[in-house]
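These figures come from a predicted structure and were not determined experimentally. Chain letters run A, B, ... following the sequence lines, proteins first and then strands; every chain starts at 1.
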There are 2 protein chains.
Amino acid sequence: MAADPLSRVFSALADPTRRDMVARLAASDATVNELAEPYDVTVQAVSKHLKVLEDAGLVSRTREAQRRPVHLEANVFDLMTKWIERYRRQAEERYRRLDDLLRTMPDELLPTRPTATAPETEPETEPEIGEPR
Amino acid sequence: MAADPLSRVFSALADPTRRDMVARLAASDATVNELAEPYDVTVQAVSKHLKVLEDAGLVSRTREAQRRPVHLEANVFDLMTKWIERYRRQAEERYRRLDDLLRTMPDELLPTRPTATAPETEPETEPEIGEPR
DNA sequence: ATTGTAATCAACCAATTGGTTGACAAGAGG
DNA sequence: CCTCTTGTCAACCAATTGGTTGATTACAAT
């Protein structure tokens with residue numbers, strides 16, 4: 001159960017049952033049994049799912065008598081949206097630049113894609129990347 | 001390799017190597033060998049990673065001579081952001097309502113959390129949830 | 001003290017995952 | 001025609017995952 005935080009969050013939400021639990025927890029806190037009720041799996045399986053969500057920081061459990069109400073920690077969503085928006089924006093910026101280039105270029109100069117990386121469209125800036133492995 | 005589209009996208013991004021590839025593809029298209037270069041795994045492993053990204057719709061390959069340049073399809077990000085934003089907003093809305101309630105409630109009426117689901121803070125609307133499984 | 005309820009722990013199992021090596025297909029260029 | 005480059009396919013392997021059953025912990029209530 002190693003892995004960086006971002007991987008844990010993405011991985012936790014890669015399961016439909018877990019996503020459904022998150023969706024329901026967005027409406028209100030719930031106990032493990034309440035959460036387990038709609039699914040046709042054992043309570044133990046749901047408990048395991050909750051452990052995954054908890055390890056990802058998406059959920060917290062505050063013990064209260066013998067019940068352990070589960071609470072959604074929605075702020076962790078920011079981790080993902082930040083990552084996604086960063087590269088989405090970068091890709092869009094890239095399209096915009098390519099569009100500009102094609103629009104201002106005389107038709108007879110349009111290249112027939114000599115290689116995959118057209119030097120003009122890729123200024124080779126930003127040597128740093130997201131996560132170096 | 002079944003699973004719904006959303007699960008595939010989340011799952012594809014749950015791997016650091018795959019996320020790094022997406023990050024680099026946001027800057028420019030690249031061939032499989034170019035992509036494989038920074039990582040100390042075989043080209044075959046990278047090819048497998050690309051298959052996962054392709055199945056998730058995050059990436060497309062257009063064959064071009066014997067090279068197959070890989071291209072990022074950034075629009076698929078919307079699938080995730082839509083899902084995330086929906087429940088993030090719902091959770092925030094819930095906090096807002098709870099804050100309002102506590103602020104307008106006379107101090108001596110504050111309950112000692114009799115059960116996890118306080119009826120006043122959870123109007124029981126919206127019986128439909130994300131994905132019923 | 002006994003019983004019941006809520007939840008977790010432990011061991012096991014089948015399927016999936018991320019990696020490997022080795023063989024192969026498809027072009028490009030001599 | 002041969003060879004090199006680029007990439008995939010196939011079979012295998014260890015580790016992880018999502019599920020099960022059975023036992024156990026921790027309270028509450030009778």
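Here the P atom of nucleotide C:dT16 and the CG atom of B:Asp55 are 14 Å apart, to the nearest Å. Going from atom CG of B:Leu50 over to atom P of D:dC9 covers 12 Å, rounded to whole Å. In this structure, the CG atom of B:Leu13 is 12 Å from the P atom of C:dG18, given to the nearest Å. A straight line from CZ of B:Phe10 to P of D:dT17 spans 17 Å, rounded to a whole angstrom. In this structure, the CG atom of A:Asp15 is 15 Å from the C1' atom of C:dT17, given to the nearest Å. Between B:Glu34 atom CD and D:dT6 atom C1' the separation is 11 Å, expressed in whole Å. Put simply, CG on B:Leu53 is 13 Å from C1' on C:dG18, counting in whole angstrom units. A:Asp40 has its CG atom 13 Å from the C1' atom of D:dG18, to the nearest Å.
Ring pair A:Phe10/B:Phe10 is tilted by interplanar angle, where 30° to 60° counts as tilted.
Residues A:Tyr87 and A:Gln90 have side chains in contact (heavy-atom distance under 4.5 Å, counting atoms from C-beta outward).
Follow the hydrophobic side-chain contacts under 4.5 Å out from A:Val9 and you reach B:Val22 in the same cluster.
At D:dT5, none of the side-chain N or O atoms of B:Asn33 fall inside 4.0 Å of OP1 or OP2 (strictly under the cut-off). Phosphate contact (OP1/OP2 of C:dT8, side-chain N/O of A:Ser47, threshold under 4.0 Å): present. Contact between the side-chain N/O atoms of A:His49 and the OP1/OP2 oxygens of D:dT17 is not found at any separation under 4.0 Å. The side chain of B:Arg18 contributes an N or O atom lying less than 4.0 Å from OP1 or OP2 of C:dG18.
Proximity note for A:Val41 (side chain, C-beta onward) versus D:dT20, D:dT8, C:dT20: the nearest is D:dT20. Of all nucleotides listed (C:dG22, C:dT8, C:dT20), C:dG22 comes nearest to the side chain of B:Gln44. When distances are taken from the side chain of B:Lys48 to each of D:dG18, C:dA7, C:dG18, the shortest belongs to C:dG18.
B:Ser7 and B:Asp4 share a donor-acceptor pair across their side chains, judged by distance under 3.5 Å alone.
Judged as a salt bridge (charged side-chain N to carboxylate O under 4.0 Å, His left out), and not counting sequence neighbours, the contacts of B:Lys51 are B:Asp55.
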